Amino acid sequence: MPELPEVEAYRRLADKALGRTVASVRIGDQRFLRGGTDACRLRRALVGKAFAAARRRGKLLVLDVDDSDRRLGLRFGMTGRLHVDGADGVDRLVYASDRRLEAWDRFALRFTDGGSLVVSDPRLLGGVVLDPDEDVLGPDALDVGRADLHRALAGSTAALKARLMDQSRLAGLGNLVADEVLWRAGLSPLRPAGSLTDAEERRLHGHVRRTLEELVSAGGSHLGELMPERQVGGRCPRCGAELRRDRVGGRSTWWCPAHQR
DNA sequence: ATTGTGGCCTGCCCGC
DNA sequence: TGCGGGCAGGCCACAA
């Protein structure tokens, strides 16, 4: 699914769409429009304009409209893909089909030069939003500071993993990367978020940054060492213990009870 | 305010 | 061989 590393790959792909004039906007499915926007408003904001920048905040991709204070927000849910001029942002997506059906094209921009920017999403869990509220998102996990991470966790009794995935505290960690980070840091996902010692928090901070940097460098098609073991009978790649499965924050969580404490 | 839960959405996989 | 049920999780609405 698109986690932060994939969305970062999409952002780089979206760079190819900058500076090109939008000729038309096609909405493949009304349900893909979020935040109360509609096709009319989108066309008014985009047609005849070009994008000045492609930014990412957590898992939200934001395209700034040139000569305007408008912004186009793209969310990818877990099965959303970005295509620019037919090129794919990533090769494969975990949990998503590798097929490309035109019926799955939920949002498409055509440029005056004949190229296109398309969001395809079989499951409609992503969406398009005009002028997304970026302030509801916490600091970006890729370059989160030590103090910001502390603020995200301190004083909370919620499960550590649930808090790490709370996008308003820390933007960008999804289910799979959260499991990978906690596994690398040797911390139980069930620990109360506020119970970490200073040393544990520092360790976690290092692993959040390093894991994301590594996965972004890998191009967004690799989601960590734990990923292949997320199945019944899966074993810890580090110590060989059988992985445990729990539901944390409403999500399937795979972790090693032997070394994650 | 914080925390937890259920629903949305549909392709895919497994068991019958 | 076809069919139905369960599963996947980002995001949001809502409850306690």
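All of these numbers come straight from a predicted model, not from anything done at the bench. Sequence lines set the chain letters: A, B, ... in the order given, protein chains first and strands last, and positions in each chain run from 1.
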If you check the A:Leu124 side chain, which of C:dA8, B:dC9, C:dC11 turns out closest? B:dC9

Nearest whole angstrom, please: distance from the C1' of C:dG10 to the CD of A:Glu3. 10 Å

Are there over 12 heavy-atom neighbours, none belonging to A:His150, within less than 6.0 Å of that residue's NE2? no

Within the structure shown, what part of the strands sits under 4.0 Å from A:Arg75 by heavy-atom distance: base, sugar-phosphate, or nothing? sugar-phosphate

Starting the side chain at C-beta, find the nucleotide from B:dT3, B:dT10, C:dC11 nearest to A:Arg31. B:dT10

Does the pair A:Arg146/A:Asp198 count as a salt bridge with the N-to-O cut at 4.0 Å? yes

Atom CG of A:Leu223 and atom C1' of C:dA8 are separated, to the nearest Å, by 14 Å

Whole angstroms only, please: what is the CZ-C1' distance between A:Phe32 and C:dC12? 15 Å

A:Arg106 near the nucleic acid: base, sugar-phosphate alone, or nothing, with a heavy-atom cut-off under 4.0 Å? nothing

Categorize A:Ser156 for me: base, sugar-phosphate, or nothing, with a 4.0 angstrom heavy-atom threshold over every strand shown. sugar-phosphate

Give a yes or no on whether A:Glu102 atom CD has more than 12 heavy-atom contacts from other residues, nucleotides or ligands under 6.0 Å away. no

Of the listed nucleotides B:dT3, B:dG11, C:dA8, the one nearest the side chain of A:Met78: C:dA8

Taking 4.0 Å as the cut-off, does a side-chain nitrogen or oxygen of A:Trp104 come that near to OP1 or OP2 on B:dG11? yes

Separation between CZ (A:Phe107) and CG (A:Asp29), nearest 0.5 Å, reads 13.0 Å

Axis-to-axis angle for the helix from B:dT2-C:dA16 to B:dC16-C:dG2, ends of five pairs each, to 10°, equals 40°

Can you give the donor-acceptor pairs under 3.5 Å from side chains of residues 16-27 of chain A to other protein atoms, not counting sequence neighbours?
residue, atom, partner, partner atom, Å
A:Arg20, NE, A:Asp113, OD2, 2.7
A:Arg20, NH1, A:Lys16, O, 2.9
A:Arg20, NH1, A:Asp85, OD2, 3.0
A:Arg20, NH2, A:Asp85, OD1, 3.0
A:Arg20, NH2, A:Asp85, OD2, 3.4
A:Arg20, NH2, A:Asp113, OD1, 3.1
A:Arg20, NH2, A:Asp113, OD2, 3.2

Of all heavy-atom pairs linking A:Gln167 and A:Leu173, the shortest is NE2-O, 3.1 Å

Minimum-distance nucleotide (side-chain atoms of A:Pro122 versus C:dG10, B:dG11, C:dA8): B:dG11

Looking at A:Ser252, I'd like to know whether one of its side-chain N or O atoms comes within less than 4.0 Å of OP1 or OP2 on C:dA8. yes

It should be established whether A:Arg230 places a side-chain nitrogen or oxygen under 4.0 Å from OP1 or OP2 of nucleotide C:dA8. no

Would you mind reading off the distance between A:Gln231 atom CD and C:dC7 atom P, rounded to a whole angstrom? 16 Å

Once rounded to the nearest 0.5 Å, what's the spacing between atom CZ of A:Arg251 and atom CG of A:Leu176? 11.0 Å

Could you please spell out the steps behind the salt bridge (Lys or Arg N to Asp or Glu O under 4.0 Å) verdict for A:Glu8 and A:Arg11? CA-CA 5 Å; A:Glu8 178 60 23; A:Arg11 188 197 64 72; 3.0 Å; yes

Taking CG from A:Leu61 and C1' from C:dG10, how many angstroms apart are they, rounded to a whole number? 16 Å

Just how far, in rounded Å, is C1' of B:dG4 from CG of A:Leu160? 17 Å

Taking the side chain of A:Arg123 as its heavy atoms from C-beta onward, which of C:dA8, C:dG10, B:dT2 lies nearest to it? C:dA8

In whole Å, I'd like the distance from the CZ atom of A:Arg81 to the C1' atom of B:dG11. 12 Å

Within this structure, what is the CD-to-C1' distance between A:Gln167 and C:dC11, rounded to whole angstrom? 9 Å

Both A:Arg251 and A:Asp166 contact DNA chain B. Which one's nearest nucleotide lies toward the 5' end? A:Asp166

Using a heavy-atom cut-off of under 4.0 Å over every strand shown, decide if A:Gly250 touches base, sugar-phosphate, or nothing. nothing

Closer than 4.0 Å, any side-chain N/O of A:Thr157 to the OP1 or OP2 of B:dT3? yes

